[in-house]
> 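A single structure is presented below for examination.
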Amino acid sequence: MASKITSGFFAQDTLKVARELLGVEMAYGDCRGVIVETEAYCGDPASHAVTRPNTGVLLRETFGCIYIYSIYGIHRCLNFTSDESGPGAVLIRALEPLRGIESMMARRGTERLRNLTSGPAKLVQALAVDPALHGQEIGRSIRLRRLWEVKEKDVAWGPRIGISKAQELPWRFWVKGNKHVSV
DNA sequence: TGGCCGATATGCT
DNA sequence: GCATATCGGCCAA
């Protein structure tokens with residue numbers, strides 16, 4: 001039986017949270033998908049804890065909460081805050097769709113399964129994540145439970161995508177070979 | 001109050 | 001591979 005993940009899980013180190021979120025099912029509204037790609041943001045120069053000192057307060061002062069930001073005007077991305085002892089958040093970059101695929105296709109305007117949730121802004125649009133969830137504790141609207149046990153040998157990692165600072169840090173994690181990983 | 005930048009996605013060449 | 005839409009957040013003035 002799959003085990004529920006609550007906000008307390010996010011108290012631990014951000015890199016560990018990012019790694020451990022792989023294989024976790026996310027349920028929201030009429031949709032479900034498994035997390036297959038994440039990125040960790042700590043107190044590094046690319047983190048909103050640094051680049052957005054006002055709104056980034058959530059990264060410093062909470063864990064286990066939803067952090068939603070907008071980028072390039074038209075996109076929104078979903079994070080979960082982490083690390084009870086410092087700034088941290090994990091960006092959810094890709095899901096493998098499980099349920100509500102018809103709804104996702106309608107909202108994304110495509111029939112192509114591979115293009116539904118293979119990117120941070122794509123999955124927010126596919127699941128119609130409400131921006132008003134910003135700051136809310138995990139487990140209320142967005143529910144998580146471990147669905148897959150992802151072995152060490154099935155985890156890949158590398159540099160984070162789309163950033164101009166701290167590009168050398170290999171803080172992006174994904175499920176090796178999964179067809180729904182971005183890029 | 002204005003200007004710059006960005007954890008993206010898409011469409012065109 | 002490259003241009004670009006489009007706007008919130010931030011800071012300088």
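Residue numbers begin at 1 in each chain, while the letters A, B, ... track the order of the sequences. When reading the values below, keep in mind they use all heavy atoms of this one structure, side chains included, and skip hydrogens, waters and symmetry mates.
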> Counting any heavy atom closer than 4.0 Å, what does A/A46 reach on the DNA or RNA strands: base, sugar-phosphate only, or nothing?
base

> Minimum heavy-atom separation for A/G43 and A/V50, please, with both atom names.
O-CG2, 3.5 Å

> Is the number of heavy atoms from other residues, nucleotides or ligands under 6.0 Å of A/W148 CH2 greater than 12?
yes

> Judged by modelled atom types alone, do A/S118 and A/S182 share a side-chain donor-acceptor pair under 3.5 Å?
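Side-chain D/A pair, A/S118 to A/S182: absent.
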
> Could you tell me whether A/R108 contacts a base, only the sugar-phosphate backbone, or nothing, with contacts defined as non-hydrogen atoms closer than 4.0 Å?
sugar-phosphate

> Under a 4.0 Å threshold between the charged nitrogen and the carboxylate oxygen, would A/R172 count as salt-bridged to A/E37?
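The answer is yes: the pair qualifies as a salt bridge.
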
> State whether the number of non-hydrogen atoms from other residues, nucleotides or ligands found under 6.0 Å of A/Q167 atom CD is greater than 12.
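Atom CD in A/Q167 is packed in, count exceeds 12.
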
> Quick one: on DNA chain B, does A/N115 or A/A49 contact a more 5' nucleotide (nearest heavy atom)?
A/A49

> With sequence neighbours left out, which residue pairs that include part of residues 99-140 of chain A fulfil the ring-ring contact (aromatic ring centres under 6.0 Å, His included) condition?
A/Y67-A/H134

> I need the minimum non-hydrogen distance between A/C31 and A/M104, along with the two atoms involved.
CB-CE, 3.7 Å

> Provide the start and end nucleotides, 5' to 3', of the part of DNA chain B that has atoms under 4.0 Å from heavy atoms of chain A.
B/dG6 to B/dT10

> How would you list, by chain and number, every residue that makes a side chain to side chain donor-acceptor pair (under 3.5 Å) with A/D13, sequence neighbours excluded?
none

> What string of B, S and - do you get for nucleotides 1-11 of chain C, 5' to 3', when a contact is any protein heavy atom under 4.0 Å?
----BBBSSSS

> Is it true that, when you exclude A/K4 itself, more than 12 heavy atoms of the residues, nucleotides or ligands shown sit nearer than 6.0 Å to its NZ?
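Open: at most 12 neighbouring heavy atoms sit under 6.0 Å from NZ of A/K4.
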
> Does the gap between the ring centers of A/Y69 and A/H48 come in under 6.0 Å?
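Yes, close enough.
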
> Run the salt-bridge test on A/E39 and A/R160 with the 4.0 Å N-O cut-off and return the result as yes or no.
no

> Nearest 0.5 Å, what's the CG-CZ distance between A/L22 and A/F173?
8.0 Å

> In which ranges does DNA chain C form stems of 3 or more consecutive Watson-Crick or G-U pairs, distances under 3.5 Å?
B:1-6 with C:7-12, B:8-12 with C:1-5

> Using a strict heavy-atom distance below 4.0 Å, which residues from residues 84-98 of chain A are in contact with DNA chain B?
A/L91, A/R93

> Decide whether A/T110 and A/N115 meet the rule of one side-chain donor and one side-chain acceptor closer than 3.5 Å.
no

